[in-house]
Structures are given as C-alpha cells and as structure tokens.
Amino acid sequence: KPEVKLEEMVANVLAAHDERNVETAKAFWEIDSDRKGRISRADVEKHIRRYLVRGRSDYMESLKADVVVDMVDRFMDKLDANKDGLISWQAFSEWNRSNTVESFVGSSCDGP
C-alpha cells in the first residue's frame, strides 16, 4: 500500500504552485509590452493578433468582422474590474489560475 508523507505532499503542492506562478508571470510579461506592470487593451490586442490567431485564418475570414476586437473586448470585460482600461497583475494572476490567454482565444476562434 503506497504511503505519502505529509512533508512530501506539501512539497509537491508547493512545487506545482510555484511552477504555475512562473508560467503566469511569463504570460503576463509577454503581454505587458511596456513593462509597467499593467496590461493595456492595446497590449492584449497586439498579443492576440501577433501570436494567437495564426492558423485560424479560415474562421476569421468567414466572419467578415474583426473577431480580434470582439475577443479583446470580452477579455477586458473579464479582467478589467474597475474599467480603467488596464489589467493588474493581481487580476491577471487570479484569472490565470484556471484559464490561459491561449485557451480563451482558442475557444473564441474555434467557432460553434
């Protein structure tokens, strides 16, 4: 019968948490192009256009509308709680615990 000691379990949980924090920080700093510690609407749009809608051009073309603008609007609505046009590290890191920008864009581009 396998036995896991409390110390080992805690170490595993903390390591996973640390790894997730590193991934979240990397994602945040990838988007925050001016390195001010806040993500602007322009940062989000630039990131999505540059990195995340590649390979989905058929879907984008079929809509005859700017899907990226709609994605950015929805992204900002979710994360810009005080509606100042900026996403804080805290808001992003909390959201990123159970989401990623890539999955958000993917679910938006994959269509119904």
Side-chain angles (χ1 to χ4, degrees):
K1 142 180 173 183
E3 186 175 313
V4 177
K5 296 184 179 184
L6 180 60
E7 295 86 16
E8 182 181 347
M9 184 175 67
V10 169
N12 289 340
V13 168
L14 290 175
H17 182 70
D18 286 346
E19 183 178 324
R20 183 68 177 178
N21 283 343
V22 167
E23 292 301 315
T24 297
K26 282 174 33 179
F28 184 86
W29 293 114
E30 258 183 37
I31 300 169
D32 181 20
S33 62
D34 61 9
R35 300 287 192 234
K36 291 186 177 180
R38 301 177 311 256
I39 298 174
S40 70
R41 185 184 202 299
D43 289 333
V44 173
E45 184 170 349
K46 181 177 165 184
H47 183 77
I48 288 173
R49 285 188 188 279
R50 181 177 291 155
Y51 299 109
L52 302 177
V53 293
R54 295 177 300 184
R56 296 182 170 104
S57 59
D58 292 342
Y59 175 69
M60 302 290 279
E61 291 290 324
S62 71
L63 290 180
K64 306 268 191 244
D66 196 346
V67 179
V68 173
V69 171
D70 180 55
M71 278 186 239
V72 173
D73 288 344
R74 287 186 292 115
F75 191 79
M76 294 301 292
D77 284 346
K78 285 183 180 294
L79 281 98
D80 180 15
N82 65 359
K83 305 304 179 209
D84 66 351
L86 300 169
I87 299 169
S88 68
W89 161 252
Q90 180 179 357
F92 183 84
S93 64
E94 287 175 12
W95 176 83
N96 202 64
R97 287 180 189 160
S98 57
N99 302 280
T100 66
V101 179
E102 292 80 5
S103 65
F104 176 83
V105 170
S107 67
S108 298
C109 286
D110 292 337

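By convention here, the first residue in the shown sequence is residue 1. Because the structure is a prediction, the values reported are computed rather than measured.
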Across all chains, not counting sequence neighbours, the ring pair (Phe, Tyr, Trp, His ring centres under 6.0 Å) partners of W29 are none
Considering all heavy atoms of both residues, which atom of [X] and which atom of [Y] are nearest to each other, and what is their separation?
X	Y	answer
S33	D43	OG-OD1, 2.7 Å
F75	I87	CE2-CD1, 3.6 Å
H47	E30	CE1-OE1, 3.4 Å
V72	E45	CG2-CA, 3.6 Å
L79	W95	CD2-CB, 3.7 Å
F28	R38	CZ-N, 3.9 Å

D70/R74 ion pair, N-O < 4.0 Å: yes
Can you measure from [atom1] ([X]) to [atom2] ([Y]) and round to the nearest 0.5 angstrom?
X	Y	atom1	atom2	value
K78	D73	NZ	CG	13.0 Å
I31	K46	CD1	NZ	12.0 Å
N96	E94	CG	CD	11.0 Å
F92	D32	CZ	CG	10.0 Å

Margin query: Can you confirm whether I39 sits close enough to V44 that some side-chain heavy atom of one is under 4.5 Å from a side-chain heavy atom of the other?
Written below: yes
If only atom types and distance count, is the side chain of S103 paired as donor or acceptor with the main-chain N or O of N99 below 3.5 Å?
-> no
Hydrophobic cluster identity match, L86 and F104, side-chain contacts under 4.5 Å =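 Looking at the clustering, F104 is in a separate group from L86.
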| In this structure, are over 12 heavy atoms from other groups packed under 6.0 Å from K26 atom NZ? |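 No, the 6.0 Å shell around NZ holds no more than 12 heavy atoms from other groups.
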Applying side-chain hydrogen bond (donor to acceptor under 3.5 Å, both in side chains) to S88 and not counting sequence neighbours gives none
